[in-house]
Amino acid sequence: RPRLLVGLDRAAPPERQRRRNPRLELGRAGPQGGTQNSPNLPQNSPRNIPKFTLKWEIRAWSWAELGRKGCRELWTRRPPCRSSLEVPEINGLEVNQRDHWVALAGGDGAVRVLDLESGAFTHELRGHQDLVHVVALREQLPQVLSGGEDGTVRLWDLRTGAQVQLIEVHKYQECSRPQLGKWIRCLATESDWMVCGGGPALTLWHLRSGTPTTVFGLAQPQHHALFHQDLVLSGGVGPALHLLQLSGDVRGKVPVTPAALRSLCLHPRSPEHQVLTVAGNSPKIDVFTNLGYRAFSLSFT
Amino acid sequence: MSSESSKKRKPKVIRTDGAPAEGKRGKGDTDQDVRYYSEESEVDLRDPIKDYELYRETCQELQRLMAEIQELKSRGIKENASEIDERRVQSCVHFMTLKKLNRLAHIRLKKGRDQTHEAKQKVDAYHLQLQNLLYEVMHLQKEITKCLEFKSKHEEIELVSLEEFYKEAPPEISRPAITLTEPHQQTLARLDWELEQRKRLAEKYKECLTSKEKILKEIEVKKEYLSSLQPRLNSIMQASLPVQEYLFMPFDQAHKQYETARHLPPPLYVLFVQASAYGQACDKKLVVAIEGSVEEAKALYKPPEDSQAVLPPQKRRRPTLGVQLDDKRKEMLKRHPLSVTLDLKCKDDNVLHLTFHYLMNLNVMTVKAKVTTAMEMTTAISAGDLLSPDSLLNCLYPGDHGRKTPNPANQFQFDKVGILTLSDYVTELGHPYVWVQKLGGLHFPKDQPQHTVAADNSLSASHMELTVKLLRSRLQSRLALHKQFASLEHGVVPVSSECQQLFPTKIVSRLVKWTAIPYEDYAELPYTKDVIEAGLAEDTHLYYMALIERGTAKLQAAVVLNPGYSTLPPVFSLCLNWKGERNSSNDDNIRAMESEVNVYYKELWGPKPGYQLLTNQLQRLCMVLDVYLETEPHDPSVEGPKEFPQEKMCLRLVRGPLRLKPFKFNYPQGFFSHR
């Protein structure tokens, strides 16, 4: 049964703040920031879904418990913090289901790895000059990609704990847009390919060679991108979901309710039920069953 | 009769007939006065039956003789003359016998009659006697019964019971020895005792009467004395009036007010009573008074004059339908001639004057407001609406806009005379807010229409305190805003000393314009749609536009001010014009700035009661605009230095997936950080 975890943006306009205790109709909301669809779970394995907050901690809830009232988190983890004056935030989180670890994008510029079975922070990968916005996990290989405010995408190998590759996106003429900034906000990877964007234009990269192959002509900065079948889905500033072909053509631009998209989430491992949820600067969450148009919206009560 | 006739013929008989008659009469012959027949004595001796037989025989003889005579006469006259004479003589004798017999019969009859008569007379006499006696008996019986029934007056007198009598009466009256045995004496004794007692009591009564008279006279005297006192007291009261005023104890005035209050209609009366009570008990600065004409109020309750029933002959044409309708409308909306005024004085001597009217036919109360300020206030142009009587008391309680009549029954009345809604007449009649009805004790329940809604004291009392507090705070907040607006229009954001710590010492952005805008203009702005959709901007609210500038950057802020300021904060919608138009839908940082003033307003309230919220919000907007502009990353494609060099101290410039700027000011360190 598909379930949806939703996060609320911190800086909400006053009208949202006035409605306390928002309750999502289909899923459950908590103090966090991001959407994540539940995997198709076998019945006998209770999965914990870790969520991050704009605070400096990770919390996990059990999927089985989530529907019930008064559900409390299973556990909370706080990564070690350098200075107490300014506590950084966790900006991104990716879970490796197979090996049971979580990669965290830290606001202090470090990529951390939390081992779910032991509960310890196994890696602290430093290299970024500024905060890390997003992490992406490579399949098959124990490697983590991270993109940050400093405009770089770095590839880390977890076995060695060292940075393997560095791509300075903003230095490439094809995609850099200095008037918008050099920050990398969205990052996605599939086998050897990577798509990233933000201040610079959304670009498809070939990882091994580290070269940009296709620049998608989207004027506004993109916040989130996904690989889906043969498409790249992306959303950013502007009320539209972009369907982009790998060749660079814009296959479609689907209007969405939020004024800007922040998070796209596909239901994994279910080719017959194609469900995409998008969320952004709006009290409503759009649900797509067919990528061509918005099916319905979920709203908080 | 026959005796009398025989008495008369007697002499004849004596002469003509001879022997038998004379013989019998021999004794009584001499006495001629007494006609005495011998037959009278013979009558007793002879047997009447025999006499009857004799009579019959005689008659038969006569008949025989007559027959013989007849026969003889018929034979011839000469031969029988002697026989005839003989027979004639015989018949004469028979005749005489007959006569005697007749006489006897008569006398017998007479005797019989006499005897009967005598007997009868005797019997009659006895009878009479008997009757007399019976009558007497009856009379006596009657008398006896009368006597027996006679209720002597003494029986009507309620005598004391025997025991009491014997107890109380002195022995010379009661004489128990005699009276116990003889009831007659007993009764007499009792009567004596009764008489004596009564005499005594009668005397007492007379005495009491006289004393009563005396006392009555005394009462009269005292009454006169008292009535003479009344005018003197009045004059003393009059004389004391100036003393009362001097000592600020207007008893007289209060008394007069209560007199007038009696003529108030019930809701106004409830309001008056509750407000006076509240004023005396809790709030010395609340003054209640009654205005209006008492005579008119009294005239309302008089029965209509005759002249009303009889229409004066219409010399003019009848008024047109429109005028008639107008008159009906006026009649429906008529106000009671008396009104209650409430003056709420505030600490700084500003006064809110409220005048409450009662619409008699509609059973609703309305209020008109006016503000008099202690000092002359420079009226800022944008502050025009703040203190306007029309909108001053808008939404004192949420949703109470006073445009509709709170009494659901009025709608039917309106339909009859063609009034659409009471809001058309509001400027003249005053606003029918729901809290006004509650203060007058009128409660109109929505789901159950009631026939007559009567004024309820407890409803008024329960709402009085809160309403007065709200009214005061409303006035204060409006006056504070008034002052603030005057300053804002000059481009100065007034920040009090208590609130200085919310802001850094140096803020470069300045407020250049502050104007009031109408609701339609606000609604047309593209960046206010969210606020309107969320229901935070209605036409009862006040709208303003602020313009903050720094260098080439212009920040437009559209402000919606809720009438319930400052408990309900104003809501800002921002639009920054600097290298393009940025607003909350396309720039997360502008949204963050909006949230700094809209969401975190509680920090900006300042000292109680928080009227500085608006100015602090404006100051904060200037501050965050500074931060925004200064922390913009330098665009390498543009030549030259940054337009806004960073002067604010920030720990981090970017944080979070939204890449927000640090808008939170930390005191006293003076740096900016993220929330």
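Here the structure is a predicted model, which means the values were calculated and not measured. By convention in this document, chain letters (A, B, ...) are assigned in the order of the sequence lines, proteins followed by strands, and residues within each chain are numbered from 1.
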Exercise. Which heavy atom of A259(A) sits nearest a heavy atom of S585(B), and at what distance?
Worked result: CB-O, 3.7 Å
Exercise. So which heavy atom on G656(B) is nearest to which on N91(A), and how close?
Worked result: CA-OD1, 3.2 Å
Exercise. Do the charged groups of R652(B) and E89(A) touch, with an N to O distance under 4.0 Å?
Worked result: yes
Exercise. Is the shortest distance from a Lys or Arg side-chain nitrogen in R262(A) or D588(B) to a carboxylate oxygen in the other one below 4.0 Å?
Worked result: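 The answer is yes: the pair qualifies as a salt bridge.
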For this session: Answer whether the closest heavy-atom distance between the side chains of R659(B) and H133(A) falls below 4.5 Å.
Result: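 Yes - at least one pair of side-chain heavy atoms lies under 4.5 Å apart.
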For this session: State, with a plain yes or no, whether a side-chain heavy atom of V654(B) is found less than 4.5 Å away from one of D130(A).
Result: no
Exercise. Measuring from N281(A):CG to L658(B):CG, what's the distance to the nearest 0.5 Å?
Worked result: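 N281(A) CG to L658(B) CG: 7.0 Å, rounded to 0.5 Å.
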Exercise. Counting only heavy atoms not in Q173(A), do more than 12 fall under 6.0 Å of its CD?
Worked result: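 For Q173(A), atom CD is not crowded (no more than 12 foreign heavy atoms under 6.0 Å).
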For this session: Inspect the surroundings of NZ in K529(B) and state if more than 12 heavy atoms from other residues, nucleotides or ligands are less than 6.0 Å away.
Result: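 Above 12, so yes.
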